[in-house]
Number of protein chains: 2
Amino acid sequence: MRTEQQGKRERTRARIAENALELFERQGFERTTVAQVAAAAGVTEMTVFRHFSSKEQLLFDDPYDPVIAAAVGDQPRAWSPLARAVGGLRQAWAQLPEPEGDTVRRRVRIVAENDSLRAAAWRNNAETERLIVERLVHDGTDPLRARAAAGAVLAALMAALFEWARHDDHTLSEAVTVALDTLDENHG
Amino acid sequence: MRTEQQGKRERTRARIAENALELFERQGFERTTVAQVAAAAGVTEMTVFRHFSSKEQLLFDDPYDPVIAAAVGDQPRAWSPLARAVGGLRQAWAQLPEPEGDTVRRRVRIVAENDSLRAAAWRNNAETERLIVERLVHDGTDPLRARAAAGAVLAALMAALFEWARHDDHTLSEAVTVALDTLDENHG
DNA sequence: CTTCTCATGTTAGCCACTAACATTCTGTCC
DNA sequence: GGACAGAATGTTAGTGGCTAACATGAGAAG
């Protein structure tokens, strides 16, 4: 069966990601070398890069969903671009489950504390942003307004993620809700 | 006089930045090597890095102003965090002159077309964002809301910059106004 | 058992970036 | 004008992220 080889691949990938996370927590992202991650996972540097396109991607496993763009499109076309984007995010978020375990939180925490990684997160969002903009423009929104709305909403989302990772006093959903409400006076 | 040495330093710096911009336009950012930039400027690779902390910084000369944070603080404390941030940006922007020459536009154009550089622009904004957040939190705003508002406003600002660089049909001020209005229904 | 495939290893190299030390150039002070 | 101090640049020798080309080894399939 092909399943066994795929299983092996997935296990290797997971092992690399786990070891990377631990090392990053212990010594910091920048002071950790890809060679160290590889060694800790019992693997070659080359293999790390075959599973993760860059060192940063060791922290950005999570697939960022195009579900969001669709949800934005679902909002009433009479609403302002910002209201549609906020509404879309709220709707998309309601469908996603609260993350299990603490892996996500540990990853986000590391990202939140490093300017370069925060920036890298934006590169990771680029595709989502494009999809939202595309959706809004398709429905007649001015491109500039569409980009502004999409960027603003993603900025709020990232603020929520980072703040949630830093403190233990909110669930992720709560943080996202508060952040989005800040952009949308009707609810805040 | 010390002025002559400083003048020399500035001239070298300017020469490097100019040559870099031309090369980036001709061959693209990633396909241009720092060694090429150095050679074009009649200088060593080492010298390039003494003037610019990284290859990216060759495009981010412009000092991002803490004026913005102060302007945010000037807005009525009764307003919502988002309204204060938007108002602050509007006020700060009104003080700054429309950029002369086409250098700024050419730089932004290159940044706008490259995901990595767009991300790098966020790292460049990190300090501004921190200052805005600090200002809002100091005035009693919840940290999460402060971060969301600051991020949203900067996202809108960047959308304006990128859209302005791409097309010739707006002035920068107009683009910024439209982008900020998108976050602020009172004006949009 | 052989053959094909896919994960992994090996080697060699590019490029951004840094550190340590050497050089040249500028302005100053006598 | 000549010795000196300091700043700008050059040289050399790395480290670390990342890629390309080819080699090996272990499972699946006939």
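Chain letters run A, B, ... following the sequence lines, proteins first and then strands; every chain starts at 1.
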Next on the checklist: Please confirm whether the shortest side-chain N or O distance from Thr47(A) to OP1 or OP2 of dG9(C) is below 4.0 Å.
Outcome noted: yes
Checklist outcome for this item: When rounded to whole Å, the CD to P distance for the pair Glu45(A) and dT19(D) reads 11 Å
Next on the checklist: Can you tell me if His51(B) touches the phosphate of dA8(D), counting only side-chain N or O atoms and a distance under 4.0 Å to OP1 or OP2?
Outcome noted: no
Item to check | Salt-bridge present (Arg130(B), Glu127(B); N to O < 4.0 Å) | outcome: yes
Item to check | Whole angstrom value for the distance that separates C1' of dT15(D) from CZ of Phe49(B) | outcome: 14 Å
Next on the checklist: Less than 6.0 angstrom from the centroid, inside 45 degrees of the normal: does Arg107(B) satisfy that with respect to the ring of Phe60(B)?
Outcome noted: no
Next on the checklist: Strictly below 4.0 Å, N to O, side chains only: are Asp74(B) and Arg135(B) in salt-bridge contact?
Outcome noted: no
Item to check | Crowding at CD, Glu98(A) (>12 non-hydrogen neighbours, <6.0 Å) | outcome: yes
Checklist entry - Between dT9(D) atom C1' and Glu10(B) atom CD, what is the distance in whole Å? => result 17 Å
Checklist entry - Glu56(B) has an atom CD; how far is it from atom C1' of dG17(D), in whole Å? => result 14 Å
Next on the checklist: Working to the nearest 0.5 angstrom, can you tell me the gap between Glu56(A) CD and Leu117(A) CG?
Outcome noted: 6.0 Å
Checklist entry - Taking atom P of dT9(D) as reference, at what distance in whole Å does atom CZ of Arg11(B) sit? => result 10 Å
Item to check | Atom pair distance, as rounded to whole Å: CG in Leu58(B) and C1' in dA16(C) | outcome: 12 Å
Item to check | Gap separating the CH2 atom of Trp122(A) from the CE atom of Met158(B), nearest 0.5 angstrom | outcome: 8.0 Å
Next on the checklist: Do Leu161(B) and Leu21(B) land in one hydrophobic cluster if side-chain heavy atoms of ILVMFWY residues count as linked below 4.5 Å?
Outcome noted: yes
Next on the checklist: Does dT8(C) have OP1 or OP2 under 4.0 Å away from a side-chain N or O of Thr12(A)?
Outcome noted: yes
Item to check | Protein-nucleotide distance (Phe52(B), atom CZ; dT9(D), atom P), rounded to Å | outcome: 11 Å
Item to check | Value in whole Å for how far the P atom of dG27(C) lies from CZ of Arg9(B) | outcome: 16 Å
Checklist outcome for this item: Among dT18(C), dT8(C), dA8(D), the one nearest any side-chain atom of Met46(B) is dT18(C)
Item to check | Close residues, residues 21-39 of chain B, relative to DNA chain C [heavy-atom separation under 4.0 Å] | outcome: Thr32(B), Thr33(B), Val34(B)
